[in-house]
Asker: 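This is the structure I want to talk about, given as structure tokens.
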Amino acid sequence: MPGKSKAYRVANPRGIPAGIRILATDDREWFEGDEIAPKDLTAFKEMVAQGYIVGGDADDAEEEPVDG
Amino acid sequence: MAKKSGLGQNFYAHGFDISGDVGAVNNLTVSRAELLVTGLDKSAVERLAGMGDGTIDFTAFFNDAAGQEHLALRGMPSTSAMWTWLMGGLVAGDAGMSGTVQQMNYASTRGRDGSMEMGATGSARDGYPPFEDHVSLTAGKITHASAASSASVDNAAATTLGGIGFLQFFSRASGTPTFVIEHSTDNAVWATLLTFTNTGGATPFGERKTVTGTVNRYLRVTTTGVFTTGVFWVGFRRGIAGDITSLA
């Protein structure tokens, strides 16, 4: 999408050892450095606020997530 | 949570489930030293809380089978041991207390009636109060056949003062399980809160691990790695105002 080239990535604010997932839902999991999008999570904004997700454009986090 | 009897409890000693051997917890005390600081301009005592301390004393029935009280306690380790008393029951969310203690004794009594009772005492040793309260995140001692997540525990609200995770690892059939506590704002998206340092192997163990900052409303235990039949218990204590050491 034009003007939105910077991807969100999963961060590791709590120093979790390598190889342990940082975020998960019932059917997906993300490790440190994985790309992630607002539509992937219901609680995307909260995870950004808590440092689990970094990068992206501020406007993206306001997008409605897709449930499930 | 409700008024309860002392029935249906468990007691774990550093990775040994000795619930069937322990017959009585004679005393568990968490205390703070009293510092008297009364000024001469006062007409009644002024006190401050000093160092925290704690001790536990229990009685067990002699049992030298594998994994039971005699093997768990006879070694009198010079290192710390984590003891867990699930006094509130065996449902996830029930209350209990865990502490890393120095085992101070291992006493034996043979009664005239032929009874054989053993006793042990543990006291604070690592610079923080032993026997911190917690809620169980598992329904007592549970088994994961392979890597999995347990049902979540709803603590009603998020907190911001960190917390302490407690793990009792009993056994696994093969492989190396890693134990993780995850938290969630909505019971759907899970973020890793802490990973216990020790992984499951041939040796039982207990571990206490702290985490700072925000702890979301929902908590659950997840095991990772390649393993079969991991047996463990996990509890968590949310930090509260007034903790001797703040984990904010």
Side-chain angles (χ1 to χ4, degrees), chain A, chain B residues 146-152 154 157-165 167 175-200 207 209-227 230 234 236 239 247-248:
Chain A
M1 188 176 293
K4 294 189 176 182
S5 58
K6 188 178 179 187
Y8 285 103
R9 297 213 174 265
V10 173
N12 186 4
R14 295 186 179 274
I16 301 302
I20 305 293
R21 71 189 189 193
I22 305 297
L23 294 172
T25 61
D26 283 347
D27 50 9
R28 288 189 69 180
E29 60 184 8
W30 294 264
F31 295 82
E32 183 177 6
D34 285 352
E35 192 169 325
I36 194 168
K39 64 181 176 58
D40 293 329
L41 299 179
T42 52
F44 193 88
K45 282 193 290 186
E46 289 88 343
M47 295 300 100
V48 171
Q50 293 182 19
Y52 285 103
I53 298 170
V54 297
D57 293 330
D59 290 345
D60 287 350
E62 302 298 326
E63 292 178 5
E64 288 297 315
V66 176
D67 290 339
Chain B
S146 59
S149 295
S150 294
S152 64
D154 182 358
T159 51
T160 59
L161 299 174
I164 306 168
L167 166 66
T176 310
T178 295
F179 300 92
V180 172
I181 295 177
E182 296 177 315
H183 64 158
S184 175
T185 59
D186 62 358
N187 207 24
V189 175
W190 292 93
T192 298
L193 179 65
L194 71 83
T195 303
F196 288 99
T197 303
N198 295 294
T199 55
E207 182 180 342
K209 188 162 187 179
T210 60
V211 64
T212 59
T214 297
V215 179
N216 294 323
R217 171 177 171 175
Y218 299 91
L219 295 168
R220 73 176 184 182
V221 181
T222 291
T223 49
T224 70
V226 178
F227 70 92
V234 170
F236 190 80
L247 294 170

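Chain naming here is simple, since letters A, B, ... match the order of the sequence lines and numbering starts at 1 in each.
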Asker: Using every non-hydrogen atom in the two residues, find where T42(A) and A188(B) come nearest and quote the distance to one decimal.
Answerer: OG1-CB, 4.2 Å

Asker: Could you tell me if N216(B) and E46(A) have a donor-acceptor pair between their side chains, going purely by distance under 3.5 Å?
Answerer: no

Asker: State the OG1-CH2 distance between T192(B) and W30(A), to the nearest 0.5 angstrom.
Answerer: 12.0 Å

Asker: Heavy-atom pairs under 4.5 Å with chain A: which of V180(B), T197(B), T224(B), D186(B) has the most?
Answerer: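 If we count pairs closer than 4.5 Å to chain A, D186(B) comes out on top.
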
Asker: Distance from L194(B) atom CG to I20(A) atom CD1, nearest 0.5 Å?
Answerer: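 Spacing of CG (L194(B)) from CD1 (I20(A)) equals 11.0 Å.
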
Asker: By a 4.5 Å heavy-atom criterion (distance strictly below it), what part of T185(B) contacts chain A: side chain, backbone, both, or neither?
Answerer: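 Interface part for T185(B): side chain.
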
Asker: Non-hydrogen atoms of chain A under 4.5 Å away: do they reach the side chain of S184(B), the backbone, both or neither?
Answerer: neither

Asker: Any chance you could measure L41(A), atom CG, to W190(B), atom CH2, to the nearest 0.5 Å?
Answerer: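 Those atoms lie 13.5 Å apart.
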
Asker: Please flag which part of T178(B) lies under 4.5 Å from any non-hydrogen atom of chain A: side chain, backbone, both or neither.
Answerer: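 Just the side chain, heavy atoms under 4.5 Å.
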
Asker: Which atom pair, heavy atoms only, marks the closest approach of V211(B) to R14(A)?
Answerer: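 For V211(B) versus R14(A), the nearest heavy atoms are CG2-NH1, 3.1 Å.
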
